[in-house]
Every structure is written in C-alpha cells, then in structure tokens.
Amino acid sequence: MLIRVLGSSAGGGFPQWNCGCPNCVAVRRGDPRLAARTQDSLAFSANGHNWHLINASPDILKQISDNPPLHPRSPRHSPVRSVILTNGDLDHVLGLFSLRESWPLVLYATPSVRRGLEDRNVICRTLHRFPEQATWRDLELGREVTIEPGLTVEARPARGKLPVHLMGLCTPSPEDNVSLWIRDARTGKTAVYMGATSSAEGVEPEVRGADCLFFDGTFWSSDELVSLQLSKALAEDMAHLPIGGPAGSLAQLSGVHASHKIFTHINNSNPILVDGSPENLAVRAAGWQVAYDGMEVSL
Ligand SMILES: [Zn+2]
Ligand SMILES: [Zn+2]
C-alpha cells in the first residue's frame with residue numbers, strides 16, 4: 001500500500017490567510033525551518049493506479065496538481081476513484097465541489113456526515129449532473145467495506161464534534177467523526193487514520209498490530225490559541241487532544257509501536273512545525289514524524 005500526504009495542515013492551512021502568528025509570519029518570510037502546508041488530506045493506493053482520498057480539502061486542485069500519481073492518463077481521466085469522508089468539517093468536504101467536472105466518484109461517509117452535507121444544500125446537486133457522477137456508499141461503524149478487491153476500509157467512532165455550521169441544527173451522533181482502518185489483504189498491512197479526536201483513551205490497544213498510524217496533531221498545548229491571543233478556545237473546546245503535557249497524546253500513546261507514527265492535521269500555531277524547536281525534537285525523539293505535504297509512506 002502506498003500512502004501520500006496531500007495536505008498536512010488543519011483547517012485554514014499554513015500560513016492561514018488571516019493569521020499573523022509567529023509561525024505564519026516566519027513561513028511567509030521563507031524561514032527554512034518551516035514549510036507551508038495545505039489542508040488535511042491523504043491519498044492511498046494498493047497498486048499505484050487507482051487512488052482513494054481520505055477527505056477532500058479546499059486545496060484539492062493544488063494537491064492533485066502537486067502529486068503526479070493523481071494526474072490524468074488520458075484526455076478525460078482521473079486515477080482518483082473514491083473519497084472517504086471522516087467528518088463533515090468544511091476543511092474535509094469543500095474539495096468535493098472542485099471535483100465536479102464529469103468524473104464518476106464513489107463517496108464513502110457515515111449517514112450522519114452525508115446528511116449534514118446533502119440536506120438542504122442545493123450546491124450538492126452539482127455532484128448529481130449524471131446518474132453515476134457521485135455514488136454514495138454508507139460507512140457503517142465497525143464494519144469493513146471493500147473499496148476495491150483486496151482493499152478494505154472500516155470506520156470507527158472517534159471522539160469529536162459536529163461541524164460548526166451544524167451545531168444547534170443536528171443531534172450529535174457517534175457517526176459525526178470517525179477514524180479509519182485501511183487494510184490491504186495482499187500484503188496484510190494496516191494503516192490507521194485518526195486525524196481529529198479529543199481522546200486517546202483505548203487507542204493504544206486498538207491500534208496494536210497496525211503498521212502506520214496518522215494521529216491528530218492539531219495542537220501542541222491546550223491553551224495554544226489563547227496564549228498566542230488567536231482565540232479564546234482551548235484545544236479541547238475544538239475536540240482536539242493536544243500532543244504535549246502529561247495527558248497529551250505523546251504521553252498517552254507512548255506504547256504504540258507502529259513502524260510509522262505520524263502527527264498530521266497540524267494547526268498553523270503548533271510549535272512542532274518549526275524544525276528543531278523543543279516540541280519538534282520531543283515528537284521526533286519519541287519516534288513520531290511530523291507530516292508534510294508530499295510525504296510518502298510505503299507499506
Ligand atoms: Zn479539520
Ligand atoms: Zn498562524
């Protein structure tokens with residue numbers, strides 16, 4: 001299985017258009033310790049020909065352009081076969097509307113994520129210009145779905161929250177935010193994606209045996225946005241478990257021994273983005289990698 005990180009930043013990207021935090025200023029200035037990043041998305045493939053996306057970020061066109069395996073191979077063609085949505089946050093779904101140019105896609109989502117996107121949303125009609133343009137398939141929690149022969153994906157509930165635009169409109173459900181288990185039957189390899197979660201409880205035994213783990217790297221500390229005067233919200237208010245501190249993911253997941261442990265969905269404020277910062281070094285010393293756009297994992 002091949003995995004390519006298309007985008008490794010949280011919503012807003014890096015630099016974020018309206019942010020003057022030290023990281024955003026430094027990356028705009030060209031500081032060599034930091035690299036710009038687009039919004040969260042992964043592509044994976046069992047054979048290098050057909051590719052499946054985890055989430056469709058608002059940066060999808062640049063991400064396809066920057067990744068040659070995703071380029072068309074004939075006049076009207078795309079190697080992108082499906083998109084799997086892990087929640088309905090805009091940084092994970094808006095890219096679907098940029099993929100509307102008459103190419104059949106299979107869209108996998110839990111019923112709650114699909115409803116949150118399609119109900120009362122006339123723009124979704126643009127994905128149904130011809131019958132087979134968008135084929136929705138349900139992700140049922142805890143059940144493997146075959147996305148192509150030998151390649152399966154299973155969604156499991158992850159502690160999260162409703163997208164901001166649905167708060168007060170929908171009743172929260174375990175289907176609102178999921179992690180994904182991707183299994184390649186030919187190689188026996190498993191990759192796990194947990195890009196957004198407010199809890200690491202039970203994760204260590206759950207991911208035992210996985211070869212690759214992508215985990216929520218949004219914030220280093222709980223009060224990161226508050227201390228930089230960017231927001232009044234704590235990491236937990238936004239349903240993200242911080243990496244650092246005694247109760248952070250780095251400490252809680254210290255027993256995970258996957259050969260690839262990668263923090264992704266990294267907010268622009270996070271000090272792990274600075275190569276060589278104490279936080280960046282702490283993550284790497286614990287055997288974790290900091291995801292970057294274009295990163296490749298071969299399992
Ligand atoms: Zn996000
Ligand atoms: Zn910033």
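One-based numbering, in listed order, for ligands and for the atoms of each.
Looking at Glu236 and Ser222, their side chains do bring a donor and an acceptor atom within 3.5 Å of each other.
Its N, O or S atom nearest to the Zn ion (ligand 1) is what matters here, and for Asp91 that atom is OD2.
Rounded to 10°, the angle formed at the Zn ion (ligand 2) by OD1 of Asn268 and SG of Cys24 is 100°. Between the SG atom of Cys19 and the SG atom of Cys21, the angle centred on the Zn ion (ligand 2) amounts to 110° when rounded to 10°.
Between the Arg143 side chain and the Glu140 main chain, no donor and acceptor come within less than 3.5 Å of each other.
Checked against Leu85 for a side chain to side chain contact (heavy atoms under 4.5 Å, CB included), the options Leu96, Ile54, Leu180 give a single hit: Leu96. The residue from Tyr108, Tyr193, Phe44 that alone fulfils the ring pair (Phe, Tyr, Trp, His ring centres under 6.0 Å) condition with His52 is Phe44.
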